[in-house]
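Please read the structure below before turning to the comments.
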Amino acid sequence: MERTGQTLLTGAPRGTRDILPSQSGSWQWLEHQLRHTCRLYNYREIRTPVFEHTELFLRGIGDTTDVVSKEMYTFNDRGGRSLTLRPENTAAVVRSVVENRLLGDLLPVKLYYIGPMFRYDRPQAGRFRQFHQFGVEALGVDEPAIDAEVLLMAASLLDRLQLSGVMLAINTIGCGLCRPGYRRSLTCYLDGCVDRLCGDCRRRYRTNPLRVLDCKREECHMVTRSAPAITEQVCTQCREHFTAVLELLAASNQAYTVDSRLVRGLDYYNRTTFEFKFDRLGAQSTLIGGGRDDGLVAELGGQPTPAVGFAAGIERLLLAMEINHCLPTVAERPEVLVLPIGRAAKTTALTLAEELRGRGVACDLVFGERSLRSQLRLADRLGVYVAVLIGDQELAAGRVVLKDMTGKEQITLPAAECADKIEQILAKRSV
RNA sequence: GUGGCUGUGGUGAAGUGGUUAACACGACGGAUUGUGGCUCCGUUACGCAUGGGUUCGAUCCCCAUCAGUCACCCCA
């Protein structure tokens, strides 16, 4: 219970991490790729609050799901409202769509989001308490083509990130009309072999028998191997929808595996469900997960509206790219460093740096009393192209020294011409 | 919520129940006074996660806590 002050002050909360300067470049790069893909597919960004009324998640995600029943950060604010840090963003997006009447004539409404989510889980490889998701939601269209487009978008995203070795597993879990029937027949089947199931499954085959299908334990796998497959038992409409989606994927040369065991843990899913998996990630191998959630809009008080979407884990994408050695290292560095030699040069150095920045040159200057040698070492470490040396001699003569850090040459010129010359040098570099 | 493994300086990482806790990298400073990337030299641990306990004495033994890690579970 008691934690030392030191731990409290110097340790980030469990399951959270700082994104340090050495890593933020990768994050920005990835975010750029995500946004660009959204642009290509005509998805527009929506930003919703990081906390919502707890009720939203209870209704939207389902109060019996693990996410809601044991993983939420819920608290009361000073006004007595029960609020919850969002564990995912689909419910909030739909809430906003309904609240702001975004569903007009122009359908589908295609939205994307990116930001932090919160789940009180035990931290593990690829799993954090604060993590980040990128996701899309297309609302208002029922036809299989939009399922396929969403799938293809996810695939092209992975492709853009050069993530090879990702497998797409797809399934249909039926709709509100046919799933209950399947559920019954599955329960019925499982009734006959409860004693062969693992402890967890014995418990949940009553509450949510579908979950037994994706249990990892061998004994359960054996039992469900000959269980009725949902793909065989969904209603005609669902079956046709599913085969249409598969045909569209095939027509686009998108590889996939139908996995009739694939089940999603959030209540709002129906019909098409899918996962993009990367097996070298460890236990948390799902990079992207999604599917249809046709009932959600109505559940949250809107007109019945079909919807499809997916969510991707940013940390997992980054982790996978690292494992795959395809994560670009983007280190931003200044182009120019100004070196004041001695106190007297400080003013001139600062003024010059400002002038360069005003011209759009990324520029830094050295602070503190450092020897010329150490200042040059600094310039070298920073990887700047040009160092500007300003010492007493230069000051007296109204000149500065420009040193090309990529070679050995240096020139002395009037301070007034310095900025022009630097622009020339940099322009030559970028050609 | 359950289980396994781990916890030494900015990082990687040796080490022993008993005076000054290796080494490497990094960082900082210097190698004749104003010049980098190589080289050389020097400096760099409120003392070995925190709190208890065992002991004449613990960083090394025991317990608890916290944290990290992996797996279960769950999911992105």
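Each chain gets a letter, A, B and so on, in the order the sequences are listed, and its residues count up from 1.
Atom-to-atom, CG of A:Asp121 to P of B:C72 comes out at 13 Å; the value is rounded to the nearest Å. Summarising the geometry, the separation between CD on A:Glu315 and P on B:A76 is reported as 14 Å, rounded to the nearest angstrom. Residue A:Leu281 contributes atom CG, which lies 13 Å from atom C1' of B:C75 at whole-angstrom precision. Between the CD atom of A:Glu219 and the P atom of B:C72 there is a distance of 14 Å, rounded to whole Å. Distance A:Glu275 CD to B:C74 C1': 11 Å, rounded to the nearest Å. Here the P atom of nucleotide B:C75 and the CZ atom of A:Arg127 are 10 Å apart, to the nearest Å. A:Met72 has its CE atom 18 Å from the P atom of B:C74, to the nearest Å. Taking atom CZ on A:Arg14 and atom P on B:G7, their separation rounds to 17 Å, with Å as the unit.
For A:Arg381, taking side-chain heavy atoms from C-beta onward, the closest of the listed nucleotides B:C73, B:C28, B:A67 is B:C28. Considering only side-chain atoms of A:Asp66, the nucleotide from B:C74, B:C28, B:A76 that sits closest is B:C74.
Looking at heavy-atom distances under 4.0 Å, A:Arg119 makes contact with a base. Within the 4.0 angstrom heavy-atom criterion, no nucleotide atom of any strand lies near A:Leu317. Counting any heavy atom pair closer than 4.0 Å across all strands shown, A:Tyr120 reaches no nucleic acid atom. The residue A:Gly135 sits apart from the nucleic acid: no heavy atom pair falls under 4.0 Å. If you check every strand for non-hydrogen atoms under 4.0 Å, A:Ile341 touches a base. Within 4.0 Å (heavy atoms only), A:Leu266 reaches sugar-phosphate atoms of the nucleic acid but no base atom.
For the P atom pair drawn from B:C62 and B:U43, the interatomic distance equals 37 Å after rounding to whole Å. Rounded to a whole angstrom, the distance from the P atom of B:A22 to that of B:A45 is 10 Å. Annotation: B:C48 and B:G52 have their P atoms spaced 13 Å apart (nearest Å). Comparing the same atom, C1', in B:U50 and in B:U39 gives a spacing of 44 Å after rounding to whole Å.
When the nearest nucleotides of RNA chain B are assigned to A:Thr16 and A:Ser374 by heavy-atom distance, the more 5′-ward of the two goes with A:Ser374. Mapping A:Ala311 and A:Cys215 onto RNA chain B via the closest heavy atom, the residue that lands nearer the 5' end is A:Cys215.
Within the 4.0 Å cut-off from OP1 or OP2 of B:A71, at least one side-chain nitrogen or oxygen of A:Gln124 is found. Contact annotation: A:Ser371 reaches the phosphate of B:G30 (side-chain N/O to OP1 or OP2, under 4.0 Å). Residue A:Arg370 places at least one side-chain N or O closer than 4.0 Å to OP1 or OP2 of B:C28. Considering only side-chain N and O atoms, A:Thr286 lies nowhere under 4.0 angstrom from the phosphate OP1 or OP2 of B:A76.
Using cut-offs of 30° and 60° for the angle between ring planes, the A:Phe274 and A:Phe276 rings count as perpendicular. Ring geometry, A:Phe118 versus A:Tyr73: the interplanar angle exceeds 60°, so the pair is classed perpendicular (tilted spans 30 to 60°).
Taken to the nearest 0.5 Å, the CZ atom of A:Arg17 stands 8.0 Å off from the CD atom of A:Glu315. Atom CG in A:Leu157 sits 8.5 Å away from atom CD in A:Gln33 (nearest 0.5 Å).
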- Verdict with supporting geometry, A:Tyr189 and A:Ser226, side chain to side chain donor-acceptor pair (under 3.5 Å): CA-CA 9 Å; A:Tyr189 169 84; A:Ser226 42; 3.1 Å; yes
- Message: Show, in sequence, the C-alpha distance, side-chain angles and deciding distance for A:Arg333 and A:Asp364, and conclude whether the salt bridge (Lys or Arg N to Asp or Glu O under 4.0 Å) test is met.
- Response: CA-CA 9 Å; A:Arg333 52 194 191 182; A:Asp364 203 352; over 6 Å; no
- The dot-bracket string of RNA chain B, counting Watson-Crick and G-U wobble pairs with both distances under 3.5 Å, using [ ] for crossing pairs and | for pairs to another strand, is (((((((..(((.....[....)))((((((.......))))))....(((((..]....))))))))))))....
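The number of heavy-atom neighbours closer than 6.0 Å to CD of A:Gln162, taken from other residues, nucleotides and ligands shown, is 12 or below. Annotation: A:Arg357, atom CZ; neighbour count of heavy atoms from other residues, nucleotides and ligands within 6.0 Å is above 12.
Taking the charged nitrogens against the carboxylate oxygens, A:Arg359 and A:Asp420 do have a contact shorter than 4.0 Å, which makes a salt bridge. Salt-bridge check for A:Arg119 with A:Glu88: failed, with every basic side-chain N at 4.0 Å or more from each acidic carboxylate O.
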Polar pairs (N or O, both sides) under 3.5 Å between protein and nucleotides 35-37 of chain B?
from	atom 1	to	atom 2	distance (Å)
B:U35	O2	A:Lys403	NZ	3.3
B:U35	O2	A:Gln410	OE1	3.4
B:U35	N3	A:Gln410	OE1	3.0
B:U35	N3	A:Gln410	NE2	3.3
B:U35	O4	A:Gln410	NE2	2.8
B:G36	O6	A:Gly407	O	2.2
B:G36	N1	A:Met405	O	2.9
B:G36	N1	A:Gly407	O	3.4
B:G36	N2	A:Asp380	OD1	2.6
B:G36	N2	A:Met405	O	2.6
B:G36	N3	A:Asp380	OD1	3.2
B:G37	O4'	A:Asp380	OD2	3.1
B:G37	O6	A:Lys408	NZ	2.4

N/O-N/O pairs, protein side and nucleotides 2-5 of chain B side, under 3.5 Å:
from	atom 1	to	atom 2	distance (Å)
B:U2	O4	A:Arg122	NH1	2.2

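Remark: A:Arg271 is not positioned above the aromatic ring of A:Phe242, lacking an NZ or CZ atom under 6.0 angstrom from the ring centre and at most 45 degrees off the axis.
Shortest non-hydrogen contact noted between A:Thr74 and A:Ser82 is CG2-OG, 3.5 Å. Smallest separation of non-hydrogen atoms from A:Leu318 and A:Leu327: CD1-CD1, 3.9 Å.
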